[in-house]
There are 2 protein chains.
Amino acid sequence: MILNEIPLMFSKACEYGIRATVYIALQSLEGRRVIVNEIAKEIDSPIAFTAKILQQLSKSKVIHSVKGPTGGFEIERNNMNTVKLSMIVHAIDGDDIYVGCGLGLKECNASRPCPLHDKFIDIRNDLRSMLENTSLYELATGLEVGLTYLKR
Amino acid sequence: MILNEIPLMFSKACEYGIRATVYIALQSLEGRRVIVNEIAKEIDSPIAFTAKILQQLSKSKVIHSVKGPTGGFEIERNNMNTVKLSMIVHAIDGDDIYVGCGLGLKECNASRPCPLHDKFIDIRNDLRSMLENTSLYELATGLEVGLTYLKR
DNA sequence: ATTTATTAGGATAAAGTTGTCCTTTATTTT
DNA sequence: AAAATAAAGGACAACTTTATCCTAATAAAT
């Protein structure tokens, strides 16, 4: 019997958030504004939960929301370059990824490192630099096959 | 408002498990068998929850338990070399760390990778190799200051 | 043999994450 | 102006993880 199902790297909320943002970006590149129902259907995520996440991303200016008929979500072409994966993750999961010892040791720091300290730091820095260096545009256009990839 | 508090790398259960195992190893090197209450106190973890985790580690043969008075937990000196960090993690968190796309994309694989596929693979492989190459002995004796480090 | 100390294990509670539903607010269309 | 459409947001339900408590099983000490 195993106690846990730990997330591989991100929470579900964050996964949905990234997938949704990429979908919105792809559609915005086609000049289409998209509504939650469509997004959730296309990325295969729970609608209402996705709506919550989109609210957060909207507040964080990662995406832009428009109310009313013909409304929905969109992302300006310019923002696709400035928005990095790290901003999406931060808006949803916070910046926990960056802090603390992997073993939860409070005394562990650079001057008195635990045996795994440097390894943890390296791995986390790799993750961090990937998140900070990957733009939304790069991520969206890198999905050659496009939409099909967003379904899980 | 942020939805989540995602674990940095391991679950709480796994963190406690690693810290507890290291503590047991350190005490075993001194010839001392230790009881749950002491372990939990020294690694600053909840007693009953720690007991559950120790049960799992005991079943998985990572640690050895002895019932009754003078009983407690211990680890044979020989086992400290064969027990790797990966075994502790596996016993508690399972091997989720190793599977699936970081974005939760089901179509993502080596032949049709998502834009982050290789980066995810690299990071995860680094983590995996760290876990598989770090022995309990190395981990325990690497903690020069010993016990103080295990408190959080 | 009885008592005592300790792990094993079941039941359950608390907290956190994920997911749903319904009402309110904003905006467009008619 | 009224109706319709969509996001915003509050309340809450389900599930998972974390945590506690109590009893049973085991084994040493008396």
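Numbers restart at 1 for each chain; the letters A, B, ... are given by sequence-line order, proteins then strands. Everything numeric here is computed off the predicted structure, so don't read it as measured data.
Proximity note for A:S11 (side chain, C-beta onward) versus D:dT20, C:dT18, C:dG19: the nearest is C:dT18.
For B:Q56 against B:I92, the heavy-atom pair with the smallest separation is NE2-CA, 4.2 Å. The shortest non-hydrogen separation linking B:G71 to B:I35 is O-CG2, 3.6 Å. Here the shortest heavy-atom pairing between B:N133 and B:E138 reads O-OE1, 3.4 Å. In plain terms, the two heavy atoms of A:A20 and A:I43 that are nearest each other are N-CD1, 3.6 Å.
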Salt bridge (Lys or Arg N to Asp or Glu O under 4.0 Å) between A:E76 and A:K61, intermediate numbers included
CA-CA 11 Å; A:E76 279 176 45; A:K61 312 283 185 191; over 6 Å; no

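Place A:T70 and A:S45 on DNA chain C by their nearest nucleotides, and A:S45 ends up nearer the 5' end.
Between the C1' atom of D:dT18 and the CD atom of B:E15 lies a distance of 13 Å, rounded to the nearest Å. Whole-Å rounding puts the A:F49 CZ to D:dA11 P distance at 18 Å. Going from atom CD of B:Q56 over to atom C1' of D:dA19 covers 14 Å, rounded to whole Å. What separates CZ of A:R19 from P of C:dT18 is a distance of 13 Å, to the nearest Å. Atom CG in B:D93 sits about 16 Å away from atom P in D:dT16, given to the nearest Å. Between B:I24 atom CD1 and C:dT6 atom P there is a gap of 15 Å when expressed in whole angstrom units. Note: CD1 (A:I47) to C1' (D:dA8) measures 16 Å, nearest angstrom. One atom, CD1 of A:I53, and another, C1' of D:dG9, lie 15 Å apart when rounded to the nearest Å.
The residues A:E38 and A:R33 are annotated as not salt-bridged, no charged nitrogen and carboxylate oxygen being separated by less than 4.0 angstrom.
Contact between the side-chain N/O atoms of A:Y16 and the OP1/OP2 oxygens of C:dT18 is not found at any separation under 4.0 Å.
Counted within 6.0 Å of CD on B:E132, heavy atoms from surrounding residues, nucleotides or ligands total more than 12; the atom is thus considered enclosed.
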Grab the N/O contacts between the protein and nucleotides 7-12 of chain C below 3.5 Å, and write none if there aren't any.
| unit_1 | atom_1 | unit_2 | atom_2 | d |
| --- | --- | --- | --- | --- |
| C:dT7 | OP1 | B:V36 | N | 3.2 |
| C:dT7 | O3' | B:S65 | OG | 3.2 |
| C:dA8 | OP1 | B:S65 | OG | 2.7 |
| C:dG9 | N7 | B:Q55 | NE2 | 2.9 |
| C:dG10 | N7 | B:K52 | NZ | 3.0 |
| C:dG10 | O6 | B:K52 | NZ | 2.4 |

